[in-house]
Q: 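Below is a structure I'd like to ask you about.
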Amino acid sequence: MAASLIDQIGQLRTHFIKELQDAANSKDLENLKVKYLGKKGPIQSLMMELKNCTTEERPHFGKLINDLKEELVSHCENSLARLKNQEMVDRFEKEWLDPTLPGRRGPLGREHPVTQMLNHALDILIGMGFSVRLGPDVDTDYYNFGGLNFAKDHPARDMQDTFYLSTKWLLRTHTSNTQVHTMENFSPPIRVVAPGRCFRNETTSARSHVFFHQVEAFYIDKHVTFADLFSTMDEFWSKLLGEKVKTRFRPSYFPFTEPGLEVDVLCTRCKGSGCRICKHTGWLEVCGAGMIHPNVLRKGGIDPEVYSGFAWGMGIERPAILKHQIPDIRYFTQNDMKFLTQFA
Ligand code: PHE
């Protein structure tokens, strides 16, 4: 029995080593490991045979079988590591990978030209001491009109001008609604800039759209004068569009200002000779402005005998049109990558 067991151990080792040398890849090796060391493998059968040994022989042969088992396990592990390494080297050679190549860059997003102009305007005004406040896009008649001194029968409230969502709610037609909200919640001194979207039920053309952006700026304090409005606007416009920009101020009327005016910028597209963007006048209207009407201050809980203020509301799309000489406002909302990628 003892001799036969020793023979069997010797033969098993020889067979294993032979098969190990034939193993060509890690899969062969895994199979080999299962074949020899698995539950139904020859090592396990040898273990079973131990019961035929005498009690004196058993520990000795038990150790021999265990040693063989450990030897096979360590052979398998070493070869497996070597083969896996080799397989990796083979793969790199075959697939030819250059780890020094720089990665491929994904396409980078850019800010929309309207967002660029809006942020530029905000940066300038924040630098001049204004703080940003956002008013709601969906608001009531009071904040969009009534609180701004629009008469009940003012044509701007007409269905043709305004998008009504219900009898109570409408889409704001200007950022001036933020004036009313701010006066309700803060007392002077107030120095606020309010950017946002506005909506008007108008026919879309090269220069007007049903939705657009405005930046409202207003300043309320004791002794705020028309001269303050002019000097602030002068500085603002030359910072926004450059020192060489030509502006002109025209008297105008808004129910919420007294007096009111409009700001035109010389059309940079046609340099004043006239084109469809400036309706062939050479000038593009970019901003409404004025001293805040005493009625508006009063409705907002501010005493017009003590305080005064100025306000302006400028469109964002038009200055962007002037800066980049864009022929049609509708380009801004068409999501055409060929257009948008030009504004780095
Ligand atoms: N809200 C006006 C408009 O949309 C602009 C404006 C704002 C005029 C503030 C005067 C003062 O046309």
Side-chain angles (χ1 to χ4, degrees), residues 114 118 121-122 125 130 132-137 139-151 154-158 160-163 170-183 190-202 207-220 224-226 228-230 232-234 236-237 240 247-265 279 283-297 299-300 302 304 307-319 329:
V114 170
L118 197 126
L122 288 186
L125 289 163
F130 288 78
V132 178
R133 275 186 62 73
L134 300 177
D137 293 4
D139 216 339
T140 62
D141 182 283
Y142 177 76
Y143 290 100
N144 197 74
F145 296 123
L148 287 164
N149 199 35
F150 278 80
H154 194 283
R157 294 178 184 224
D158 199 289
Q160 281 158 13
D161 289 328
T162 311
F163 289 113
L170 51 81
L171 293 178
R172 68 167 167 197
T173 57
H174 50 188
T175 42
S176 302
N177 66 336
T178 319
Q179 287 189 38
V180 184
H181 285 284
T182 307
M183 286 183 221
I190 293 171
R191 225 170 348 192
V192 162
V193 50
R197 276 187 177 184
C198 307
F199 307 82
R200 285 193 201 169
N201 194 357
E202 279 177 6
R207 44 184 270 137
S208 314
H209 207 289
V210 288
F211 92 86
F212 55 96
H213 298 77
Q214 279 189 343
V215 168
E216 189 93 0
F218 48 99
Y219 174 37
I220 306 167
V224 176
T225 65
F226 212 39
D228 295 320
L229 170 61
F230 273 101
T232 314
M233 284 223 290
D234 249 354
F236 172 74
W237 283 106
L240 190 76
T247 49
R248 80 175 180 192
F249 301 117
R250 248 183 318 110
S252 186
Y253 171 75
F254 301 97
F256 42 99
T257 57
E258 182 54 40
L261 60 99
E262 264 168 305
V263 184
D264 297 338
V265 172
K279 266 204 216 151
W283 296 87
L284 198 62
E285 170 205 321
V286 286
C287 181
M291 297 307 287
I292 299 176
H293 197 292
N295 287 349
V296 175
L297 293 174
K299 279 176 194 265
I302 295 170
Y307 294 102
S308 53
F310 69 67
W312 81 67
M314 63 172 279
I316 290 295
E317 277 79 357
R318 285 190 183 170
I329 197 170

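As the structure lists them, so they are numbered: ligands from 1, and atoms in each ligand from 1.
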Q: Answer yes when R172 and D137 have at least one side-chain N-carboxylate O distance shorter than 4.0 Å, and no when they do not.
A: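 Result for this pair is yes, salt bridge flagged.
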Q: Checking side-chain polar atoms at under 3.5 Å, does H209 have a donor or acceptor matched by the opposite partner on E317?
A: no
Q: Ligand 1: which residues have a non-hydrogen atom closer than 4.0 Å?
A: H174, S176, Q179, R200, Q214, E216, F254, F256, T257, G288, A289, A311, W312, G313
Q: Look at the aromatic rings of F150 and H174 and report parallel, tilted or perpendicular, splitting at 30° and 60°.
A: perpendicular
Q: Mind checking whether W312 and F310 have parallel, tilted or perpendicular rings, split at 30° and 60°?
A: parallel
Q: So that I can tick it off, tell me whether R248 and D264 are bridged by a salt bridge, with the cut-off set at under 4.0 angstrom between side-chain N and carboxylate O.
A: yes
Q: Is a donor from one side chain sitting under 3.5 angstrom from an acceptor on the other, for N177 and D139?
A: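 Yes - a donor-acceptor pair under 3.5 Å links their side chains.
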